[in-house]
Amino acid sequence: MKFDAYTIKARIAPASVTALVPMLVFNHFFISEEFRKLIGNILGLKLFSAVTISTISIFFLAEFSRAISKQLFQKIMFQDEMRMPTTEFMLYADFTFSEDFKNRFRARVLKDFKVTLPTSDEEAANCSESRKRIAESITSIRKKLHSNSFLLQHNIEYGAIRNLLGGAVLAVVLSGLNVLMFTEYVANQFAVHISVVLIILYSTLIVTGPWFVKVYGRSYAKILFREYMK
């Protein structure tokens, strides 16, 4: 995992406030100090004996959260790139940008990447193919703007919100396992109550989160086009 600003803010941070929390509950009420020392000895580094299992797991949780968010939210909500705002906004059927802007965008893409994007007639005849061609051009634009710090900030914001939802799904599952553990195997009503509260909180986030993903996705798309067309 590459430790850049995106990784820290958009991957690790969302996992830390979602999927990591149920593991901290499990760690606090169940995992013993002797077990943590054992893990430290196995790893062969004294440093790890002072680090909880949950902290070690944060990197894996971040990856799991990202995978869940891309599969459950981005793929379902936006059909990968096909219905992303970056694709929608450049369709002639969409009214976010003017037709003149879309024509200038197509001319710029043709100049930069030698790619001819669909006309309004072609779009009307085959909208699915038009979406694919626009989405492919957006990939090239992202690569061209990869060093744009302003766009990166908005990409981090979008990624953080999206990955937060993936982490929330994982947190609900882990909290449910905690309820089972502290009800059936290691009786602890306080741990059960905490886990139930977490399930409610993260379930609420899952229900309301897609709206925020759309808002931040639209904001990112507008910034991308603005920066590209400067």
Side-chain angles (χ1 to χ4, degrees), residues 1-33 35-36 39 47-78 84-85 149-183 186 188-220 223:
M1 184 183 289
K2 182 180 178 182
F3 285 91
D4 54 14
Y6 183 90
T7 299
I8 295 172
K9 296 178 181 179
R11 293 188 186 179
I12 294 179
S16 298
V17 298
T18 53
L20 180 61
V21 177
M23 292 197 69
L24 289 174
V25 173
F26 179 80
N27 183 46
H28 179 75
F29 290 104
F30 183 75
I31 294 180
S32 65
E33 181 64 26
F35 188 59
R36 286 196 291 271
I39 292 298
L47 173 64
F48 282 97
S49 64
V51 179
T52 65
I53 304 304
S54 301
T55 303
I56 296 173
S57 300
I58 184 61
F59 306 109
F60 298 100
L61 293 175
E63 287 301 305
F64 288 147
S65 298
R66 177 173 176 266
I68 292 172
S69 68
K70 294 195 77 170
Q71 290 298 316
L72 282 185
F73 295 99
Q74 185 161 304
K75 197 165 187 177
I76 292 175
M77 289 173 59
F78 299 127
M84 287 283 286
S149 59
F150 192 55
L151 183 62
L152 174 62
Q153 178 58 39
H154 283 75
N155 189 33
I156 288 173
E157 292 173 356
Y158 169 76
I161 292 296
R162 186 199 65 194
N163 293 336
L164 193 68
L165 295 186
V169 172
L170 190 54
V172 169
V173 173
L174 293 174
S175 295
L177 292 176
N178 281 347
V179 170
L180 179 64
M181 170 63 72
F182 295 117
T183 300
V186 183
N188 190 317
Q189 282 300 307
F190 186 53
V192 170
H193 293 158
I194 292 176
S195 298
V196 170
V197 169
L198 291 177
I199 290 174
I200 294 172
L201 289 176
Y202 290 126
S203 295
T204 302
L205 177 60
I206 292 170
V207 172
T208 60
W211 181 83
F212 291 99
V213 171
K214 290 179 180 179
V215 169
Y216 279 88
R218 290 175 64 86
S219 176
Y220 170 79
I223 295 300

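In this text the structure is predicted, and so the values were computed from the model without any measurement.
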Taking Asn178 for its side chain and Val25 for its backbone only, find out whether a donor-acceptor pair lies under 3.5 Å.
no

When you measure from the side chain of Thr204 to the backbone N and O of Ile200, does any donor-acceptor pair fall under 3.5 Å?
yes

Report the distance from atom [atom1] of [X] to atom [atom2] of [Y], rounding to the nearest 0.5 Å.
{"X": "Gln71", "Y": "Arg66", "atom1": "CD", "atom2": "CZ", "answer": "10.5 Å"}
{"X": "Thr18", "Y": "Leu201", "atom1": "OG1", "atom2": "CG", "answer": "12.0 Å"}
{"X": "Leu20", "Y": "Leu170", "atom1": "CG", "atom2": "CG", "answer": "10.5 Å"}
{"X": "Ile12", "Y": "Leu61", "atom1": "CD1", "atom2": "CG", "answer": "11.0 Å"}

With a sphere of 6.0 Å drawn around CZ of Phe212, does it hold more than 12 non-hydrogen atoms of other residues, nucleotides or ligands?
no

Answer yes or no: are there more than 12 heavy-atom neighbours, outside Tyr216 itself, under 6.0 Å from its atom OH?
no

So which heavy atom on [X] is nearest to which on [Y], and how close?
{"X": "Ile206", "Y": "Val172", "value": "CD1-CG2, 3.9 Å"}
{"X": "Ser65", "Y": "Gly167", "value": "OG-CA, 3.3 Å"}
{"X": "Pro210", "Y": "Met77", "value": "O-CE, 3.5 Å"}
{"X": "Ser175", "Y": "Pro22", "value": "OG-CG, 3.3 Å"}

Could you check if a side-chain atom of Ser195 sits within less than 4.5 angstrom of a side-chain atom of Phe26, using non-hydrogen atoms only?
no

Report yes if some heavy atom in the side chain of Tyr202 is under 4.5 Å from a heavy atom in the side chain of Val169; otherwise report no.
no

Using residues 155-164 as the side-chain source, report each donor-acceptor pair under 3.5 Å to any protein atom, sequence neighbours left out, with the distance given to one decimal.
| from | atom 1 | to | atom 2 | distance (Å) |
| --- | --- | --- | --- | --- |
| Glu157 | OE2 | Gln153 | NE2 | 3.4 |
| Tyr158 | OH | Gln74 | OE1 | 3.1 |
| Arg162 | NE | Ser69 | OG | 3.4 |
| Arg162 | NH1 | Gln74 | OE1 | 2.9 |
| Asn163 | OD1 | Ser69 | OG | 2.9 |
| Asn163 | ND2 | Ala10 | O | 2.6 |
| Asn163 | ND2 | Gly159 | O | 3.1 |

